[in-house]
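Written out below as structure tokens is the structure these notes cover.
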Amino acid sequence: MHELSIAHQLVELAVENADRMGLRRVTALHVRVGALSGVVQEALRFAYDIAAAGTAVEGARLIIEDVPVVIYCPACRAERSLPAPVPARCPVCGTPSGDVRAGRELELYALEGEADEEGNR
Amino acid sequence: MTMTPRIVEIRQNVLKKNDLLARELRERFRTAGVYVVNLVSAPGAGKTTALTELMRRLAGAGWRVAAVVGDLATDNDAERLRASGAAVRQITTGTVCHLEAEMVARAIEGWDLGSLDFLFIENVGNLVCPASYDLGENERAVLFSVTEGEDKPEKYPTLINSADLAVVTKIDLAEAVGFDRRRFQEAVERVRPGIEVLEISARTGAGLDRWLERLLAGRAAARVR
């Protein structure tokens, strides 16, 4: 369970960026979580509420976007999105591939909030 | 003053701090010419025993070797590793279930990296959390013991996906515990096609020569890069 430590870093990153972007009040955090990121969504949600308490992003919604694993299939010569991380095989032709192109993300993608009207961008 | 709603794009890795520090470490290791291996496994898979034997052999062949070892509470593993003759430092993580780049940076403070050929990082025994943390290593080896069952790789796809080498430990016990090598290989292939699987026994020495060979080749390749 390292989600609490990750949640703290997420909150810290959000607070820093909200400040930098001139957001007065943060209403939502958009986070992209890859299927191979090692993060369990439920655990992250639970930990986020704890980590956000008492900070500038307290009360902001956590909106999580799932990022599926994408492998490069050498037979199809194309990137293929997998329905699940295992098996790591092309869903079209069945060729195994360890060439992972996406799915390891753990990213603060965007912040939603309110800014002063003349707030700088 | 009126407030206006706004969405701003950030696109930053949540573990940015760790990643930046790991990048710095990697550059330091590269400049110093030391080859770094991060060992990850479940508790009890045999990281310490395998590493002790590996370091004993490397040191015997004249290579300069050191290790840092992460443990929740005790320094027993560091003591055991010292039996190999290598310099060893302990990282006591308390309740933290993995090593982070910052802990490694602190642990190697004062060490002359230029006087080392190999540095091993023995992670905290855990098959989940260490996956997310880059420690600046050249390669990551994930260890599974024969007593853990053949389907273990499929239960922990994230960690094995982050690894460069899979090692089966305690292979001398394979028959006694009914370990099916083929099923294990198939499980690994389903999760991480193409990764090398090495079978070793620290007790009998089986497979250690191959591991050594691989490390030397890895180090040589890293130096010409």
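Each chain gets a letter, A, B and so on, in the order the sequences are listed, and its residues count up from 1.
- Proximity to chain B (any heavy atom under 4.5 Å) is restricted, for A:Leu23, to the side chain, taken from C-beta onward.
- The closest side-chain heavy-atom distance from A:Arg61 to A:Leu29 is not below 4.5 Å.
- For the options A:Gly34, A:Ala14, A:Pro96, heavy-atom pairs under 4.5 Å to chain B are most numerous at A:Pro96.
- Under the 4.5 Å side-chain criterion, counting only non-hydrogen atoms from C-beta, A:Arg80 is in contact with A:Val92.
- The candidate from B:Ile195, B:Asn18, B:Leu15 with the greatest count of non-hydrogen atom pairs under 4.5 Å with chain A is B:Leu15.
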Between B:Leu216 and B:Trp211, is a side chain to side chain contact (heavy atoms under 4.5 Å, CB included) present by the stated rule, with each step listed? CA-CA 9 Å; B:Leu216 296 179; B:Trp211 198 351; over 6 Å; no
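- Each of B:Ile171, B:Val197, B:Val168 was checked for a side chain to side chain contact (heavy atoms under 4.5 Å, CB included) with B:Arg181, and the lone residue meeting it is B:Ile171.
- Both the backbone and the side chain of A:Leu106 come within less than 4.5 Å of a heavy atom of chain B.
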Step by step, work out the side-chain hydrogen bond (donor to acceptor under 3.5 Å, both in side chains) result for A:Glu65 and A:His30. CA-CA 7 Å; A:Glu65 181 195 338; A:His30 292 257; over 6 Å; no
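- Put simply, of A:Val31, A:Leu10, A:Thr27, A:Asn17, the one with the most heavy-atom pairs under 4.5 Å next to chain B is A:Asn17.
- Only the side chain of A:Glu12 comes within contact range of chain B, with heavy atoms under 4.5 Å apart.
- In this structure the side chain of A:Arg104 reaches within 4.5 angstrom of the side chain of A:Val100, judged on heavy atoms.
- Annotation for B:Arg190: atom CZ counts as buried by contact number, over 12 foreign heavy atoms lying within 6.0 Å.
- Chain A forms the most heavy-atom pairs under 4.5 Å with one residue out of B:Thr158, B:Val96, B:Ile10, and that residue is B:Ile10.
- In this structure, no portion of B:Tyr156 lies under 4.5 Å from any heavy atom of chain A.
- For chain B, the nearby part of A:Ala35 is the backbone; its heavy atoms alone come within less than 4.5 Å.
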